[in-house]
Number of protein chains: 2
Amino acid sequence: MSAIADVARRAGVAKATASRALSGRGYVSEETRSKVIAAAAQIGYVASPNAASLVTGRTQSVGVIIPFISRWFFAEVLESLEQALLARGYDMTLYNLPTHSAERERVFDFFLARKRFDGVISVGVELSDTEVAQLHRMGRPLVGIGGETPGAHTVAIDDIATARLATEHLLTLGHTDIRHVGGDQAHQMDFAVHTKRLTGFTEAMRTAGLPTDNGFSACAFTVPGGYEAGLALLADPHQRPTAVFAASDEIAVGLIIAARELGLHLPDDLSVIGIDGHPYAEMFQLTTIEQHPRNQATLTVDTLLTELENTPTTTTTHLVTRAPTNLVTRSSTSPPR
Amino acid sequence: MSAIADVARRAGVAKATASRALSGRGYVSEETRSKVIAAAAQIGYVASPNAASLVTGRTQSVGVIIPFISRWFFAEVLESLEQALLARGYDMTLYNLPTHSAERERVFDFFLARKRFDGVISVGVELSDTEVAQLHRMGRPLVGIGGETPGAHTVAIDDIATARLATEHLLTLGHTDIRHVGGDQAHQMDFAVHTKRLTGFTEAMRTAGLPTDNGFSACAFTVPGGYEAGLALLADPHQRPTAVFAASDEIAVGLIIAARELGLHLPDDLSVIGIDGHPYAEMFQLTTIEQHPRNQATLTVDTLLTELENTPTTTTTHLVTRAPTNLVTRSSTSPPR
DNA sequence: CACGATACTGGAAACGATTACATAGGGAAC
DNA sequence: GTTCCCTATGTAATCGTTTCCAGTATCGTG
């Protein structure tokens, strides 16, 4: 049973030597190394990470905190995180943490305290100060992706700048009656993202000398959310905007579907721009600002793992890595008729 | 450091007693129990599951094998699995296993062999015999959800019967020129699901005495996939079917969007039925057969965990739990004009 | 009162690795 | 030829739990 002991016996060496041979740490002659490896292969030995982590303190796995997975950005991120971690030899344990609730506390106290991971990646969740402190006290590095978490390294796009850019795209085309359709706290995504995109919109409008009051509609961050918002916003021909900046491509697509149902033609009757780079964008000829979640994810893994491997650098410098975005112009936007 | 030892010292008892008090196993007087608990609370003690699993052999976590995350069914399942497992005190470790490739072998050999989990849930993946055998040899129960895995308990809808039902819905309405749009192996989802849904379609058509050749179009299992298939299928008014059975709601929605772009009106010009119960279905007034992935997921967790907790029942009876489905009729289907 | 359960507790041996420390041979440097 | 360093290996301690075993006190029962 004692697995490595078996390997050692079979190879005619001590447990310590076997361990060194297999892990590659410390001195082992080439000859014994191959003997040990052969013995291990013979009995199909695989090390117990539990036993190892008991003494090393490293678990070779990272915890990922995510509020939901069915939203496009999150699913993409999750998939890439897993691949990147796997490639680096790490397991990924998933914690689907609700944004606010008692459940959340339970997750933290019960699961995260068990320190079954070397580090944590939180995607789109803004952890509270006490939560960050708790992780920090446990010596577990934390890297965020999406929302900015104070006290932790974060990979994210510049939401304000991106929203401003999207709005400016419409302004440059000559639109003046522009609305912003996005999420709000009630629709259960993190507050900061919504606020920032709204801020960017407002800034751009103000800079252009246009009124910003009454320019925002809230909806769920989904296609149906955008659809409903669209029906409400576009129904009345007399107070219909000429352009809409949607906070996500899914919302934008919902808007487009609503517009089509109302008999409007894009981009003549309405220009729409989104943010994301969702596969639907191409299908609907949607102008959008791509944010490449998969790249963000691999960047996040890189950041966490280097932090993990150079433990000395416990410089908890609140650092933000800005992920690049790019505007893709398609036929959903044009100058107003 | 030796955490439980600290608790024990603080409470003035032996490590063994402290362990018993905290775990609830074995005899402990009410008095000492509360002393121990108080001491544990004082220093904020949480047991190391690593150390515990080293001796008990249980890790309190299950591995989930999933081919991709961004598809609706999979995302829903994953989210529910996580919640159900968390509620039962289990961690969930995610393995995003590609359907076919060398990577897959690597995952199995390297990660799954580390036996960091008490059981495995495979969603929509049909594991090979050797893979099942490997898990079985390790004494790790396996429950599948979605595709049927020979040699393991599986929770799944009856794909053939569901496809037949969908087709029969169209037949009953009086349609005779019906097409099936679904996935195939080239579009990287598991083969069996596609085949089964196609089989159900073919069976229903044959029973109705209708021709089945040339009645199937393959596409990606996504909205854009259905969209492209729709443009191709519906462009020519002379050989346009009066009804389409789409293998998923996402495909169906793509078809509807394509139909609208081509100027068709549902259900007059075309009837469309899907399978899933996707949130988009309601938005597009899509008739569909709901399969309730969240229920399937909790059912799967229940199955695995009871198997886990009653280890004696190592009766590897190949059992299939059929998840219920239900037809929801909306206005995307009607008798042909 | 003796005896066997029954409740409770502590000591010590696991579980399966890693690693600090000790030992020993061989070559380079002086 | 001594000294020192480097390679190579073995012994034993360690990580933090659970659990087996043994021992003691209490209590009901015949």
Side-chain angles (χ1 to χ4, degrees), chain A residues 1-37 39-40 43-61 89 91 110 113-118 138-139 311, chain B residues 1-37 39-40 43-61 89 91 110 113-118 138-139 311:
Chain A
M1 269 310 123
S2 330
I4 207 181
D6 291 343
V7 175
R9 198 174 318 121
R10 219 179 186 82
V13 299
K15 274 186 354 181
T17 306
S19 173
R20 280 186 286 250
L22 293 170
S23 71
R25 269 180 293 270
Y27 293 117
V28 177
S29 78
E30 202 41 61
E31 192 192 336
T32 47
R33 158 166 286 124
S34 50
K35 264 197 309 193
V36 170
I37 290 180
I43 62 175
Y45 168 77
V46 281
S48 153
N50 277 320
S53 57
L54 193 54
V55 39
T56 60
R58 306 220 142 293
T59 63
Q60 291 291 105
S61 84
D91 274 350
F110 186 56
R114 301 207 275 177
K115 28 187 158 114
R116 276 191 143 166
F117 41 80
D118 300 335
M138 290 164 47
T311 4
Chain B
M1 269 309 125
S2 333
I4 208 182
D6 290 343
V7 175
R9 197 173 320 122
R10 220 180 185 82
V13 299
K15 275 184 355 182
T17 306
S19 173
R20 279 187 289 252
L22 293 171
S23 71
R25 269 180 294 270
Y27 293 118
V28 176
S29 79
E30 202 40 62
E31 193 192 335
T32 47
R33 157 166 287 123
S34 49
K35 263 197 309 192
V36 170
I37 290 180
I43 62 173
Y45 167 77
V46 282
S48 153
N50 277 320
S53 58
L54 194 54
V55 38
T56 60
R58 306 219 140 294
T59 64
Q60 291 291 106
S61 85
D91 274 350
F110 185 57
R114 301 207 277 177
K115 30 185 157 107
R116 276 192 144 167
F117 41 80
D118 300 336
M138 289 164 47
T311 4

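In what follows, every heavy atom counts, from backbone to side chain, and hydrogens, waters and symmetry copies are set aside. Lettering of chains follows the sequences in order, A, B, ..., and the numbering in each one begins at 1.
- In this entry the distance linking CD of B:Q60 with P of D:dT17 reads 15 Å, nearest Å.
- Here the side chain of A:S29 is nearest to one of D:dT17, D:dA8, C:dG11, namely D:dA8.
- The interatomic distance linking A:K35 (NZ) with D:dA8 (C1') rounds to 12 Å, in whole Å.
- Regarding B:R58, its CZ atom lies at a distance of 11 Å from the P atom of D:dT19, rounded to whole Å.
- Following rounding to the nearest Å, A:Y27 (OH) and C:dA20 (P) show an atom-to-atom distance of 14 Å.
- Between D:dT17, C:dG10, C:dT18, one nucleotide has an atom nearer to the side chain of A:S19 than all others, and that is C:dT18.
- With distances taken from any side-chain atom of B:T17 to the nucleotides C:dT9, C:dG11, C:dA17, the minimum falls on C:dT9.
- Side-chain N/O atoms of A:T56 include none lying less than 4.0 angstrom from OP1 or OP2 on D:dC15.
- As a whole-Å value, the separation of A:R25 CZ from D:dT7 C1' is 18 Å.
- Within the 4.0 Å cut-off from OP1 or OP2 of D:dT17, not a single side-chain nitrogen or oxygen of B:S48 is found.
- Between A:Y45 and C:dA17 there is a side-chain polar atom (N or O) within less than 4.0 angstrom of OP1 or OP2.
- In this structure, A:L22 places its CG atom 16 Å from P of C:dG16, rounding to the nearest Å.
- Under a 3.5 Å cut-off, the side chain of B:T32 and the backbone N or O of B:V28 do not form any donor-acceptor pair.
- For B:T32, a side-chain nitrogen or oxygen approaches OP1 or OP2 of C:dT9 to under 4.0 Å.
- Which of C:dA17, D:dG10, D:dT19 sits closest to the side chain of B:A16 comes down to D:dT19.
- Between the CG atom of B:L54 and the C1' atom of D:dT17 there is a distance of 8 Å, given to the nearest Å.
- Taking only distance into account, the side chain of B:K15 meets the base of D:dT17 through a donor-acceptor pair shorter than 3.5 Å.
- The distance from atom CD of B:E30 to atom P of C:dC8 is 9 Å, rounded to the nearest whole Å.
- Using a 4.0 Å heavy-atom cutoff across all strands shown, B:V46 reaches sugar-phosphate atoms only and no base atom.
- An OP1 or OP2 oxygen of D:dT18 is reached within less than 4.0 angstrom by no side-chain nitrogen or oxygen of B:R20.
- Sequence order on DNA chain C of the closest nucleotides to B:V55 and B:A18 puts B:A18 first from the 5' end.
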